[in-house]
Amino acid sequence: MPPLRINKITRGETMLEFASKNHTACEAMRVDMDDLLFRIAAGEQAALAQLYEHTHASVFGFALSILKNTHDAEDVLHDCYVAVWQGAAGYRSRGKPLAWILTVTRNLCLQQLRTRSRVADLAPEDWEPYLADKEGVTLEDRSILRSCMEQLRDEERQIVTLHALSGFKHREIAAILQLPLPTVLSKYHRAVKRLKQHLQ
């Protein structure tokens with residue numbers, strides 16, 4: 001299975017439209033992840049490498065949306081796959097393996113925030129490493145995405161990241177972020193409205 005490819009966002013395109021282009025890729029990506037996690041539980045390092053290849057962009061992007069610092073997000077990225085390796089035996093398939101991985105990511109982020117008791121400002125260049133290795137993402141795309149992310153509040157950015165870049169449904173996002181579904185819907189629609197105004 002090829003790694004997840006983030007499609008090109010066009011000027012004037014909303015995150016909702018951008019998300020729909022990536023939805024099929026995200027669904028395909030989930031197909032074999034249960035199997036990979038079961039193989040990881042059996043001690044197969046190759047399965048961990050495959051899981052990393054398919055999920056590291058989502059994990060890093062989500063961690064970055066919470067921590068707002070590239071170095072901290074990279075630390076969580078590493079720690080997440082250590083935790084997956086150690087905890088795969090306890091994984092129970094509910095058809096949402098990426099949601100389980102991102103819940104691990106969120107818990108590691110919150111632990112890091114509690115430990116360090118700080119939230120750094122998101123510098124624009126911190127999104128560059130995340131986007132630089134994305135095939136088909138141009139400098140203009142990066143500029144548009146960076147500009148869009150700067151318009152959003154923390155939870156809005158996390159919700160948009162999970163929906164637009166990882167293809168999660170709002171109910172799944174509510175479970176991952178431990179927020180009521182109406183709150184997720186409200187914040188998402190508010191974020192999309194702000195992004196539309198900004199792009200226009």
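Below, each value reflects all heavy atoms present in this structure, side chains not excepted, and no hydrogens, waters or symmetry copies. Source: prediction; values computed, not measured.
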Inset, instruction - Could you check if a side-chain atom of Tyr91 sits within less than 4.5 angstrom of a side-chain atom of Val84, using non-hydrogen atoms only? - result: no

Inset, instruction - Using salt bridge (charged side-chain N to carboxylate O under 4.0 Å, His left out) as the criterion, list what pairs up with Arg39, not counting sequence neighbours. - result: Asp35, Glu44

Legend entry - Gap between atom CD of Gln158 and atom CD1 of Ile66 - 0.5 Å precision: 4.5 Å

Legend entry - Between CD1 on residue Ile159 and CG on residue Asp154, distance to nearest 0.5 Å: 11.0 Å

Legend entry - Close side-chain approach of Leu64 to Val76, heavy-atom, < 4.5 Å: no

Inset, instruction - Spell out, as yes or no, whether a donor-acceptor pair under 3.5 Å connects the side chain of Glu156 to the backbone of Arg153. - result: yes

Inset, instruction - Rounded to the nearest 0.5 Å, what's the gap from NE2 on His54 to CD1 on Ile101? Could you check? - result: 11.0 Å

Legend entry - Within the 6.0 Å centroid threshold, strictly below: His56 and Tyr52: yes

Legend entry - Pairing of Glu155 and Lys187 as salt bridge, 4.0 angstrom limit: yes

Inset, instruction - Go through the structure and list residues passing side chain to side chain donor-acceptor pair (under 3.5 Å) with Ser186, not counting sequence neighbours. - result: Arg190

Inset, instruction - Hey, could you give me the CG/CD distance between Asn69 and Glu74, rounded to the nearest 0.5 Å? - result: 9.0 Å

Legend entry - Carboxylate-amine/guanidinium contact Glu172 Lys169, below 4.0 Å: no

Inset, instruction - Specify whether His163 and His170 have parallel, tilted or perpendicular ring planes, treating 30° as the upper limit for parallel and 60° as the lower limit for perpendicular. - result: parallel

Inset, instruction - Indicate if Leu113 and Ile176 have the same hydrophobic cluster label, given that clusters are the connected sets of ILVMFWY residues with side-chain heavy-atom separations under 4.5 angstrom. - result: yes

Inset, instruction - Sort and list the pairs that fulfil side chain to side chain donor-acceptor pair (under 3.5 Å) and have at least one residue in residues 76-85, not counting sequence neighbours. - result: Thr55-Tyr81

Inset, instruction - Please round to the nearest 0.5 Å and tell me the distance separating atom OG1 of Thr70 and atom CG of Leu77. - result: 11.5 Å

Inset, instruction - Check whether any side-chain N or O of Thr183 sits under 3.5 Å from a backbone N or O of Leu179 as a donor-acceptor pair, and report yes or no. - result: no

Inset, instruction - Find out whether Phe62 and Cys109 are in side-chain contact, i.e. whether some heavy atom of one side chain is under 4.5 Å from a heavy atom of the other. - result: no

Inset, instruction - Could you tell me which non-hydrogen atom of Ser58 sits nearest to which non-hydrogen atom of Leu102, and how far apart they are? - result: O-CD2, 3.9 Å

Legend entry - Side-chain heavy-atom pair Ile173, Tyr188 within 4.5 angstrom cut-off: no

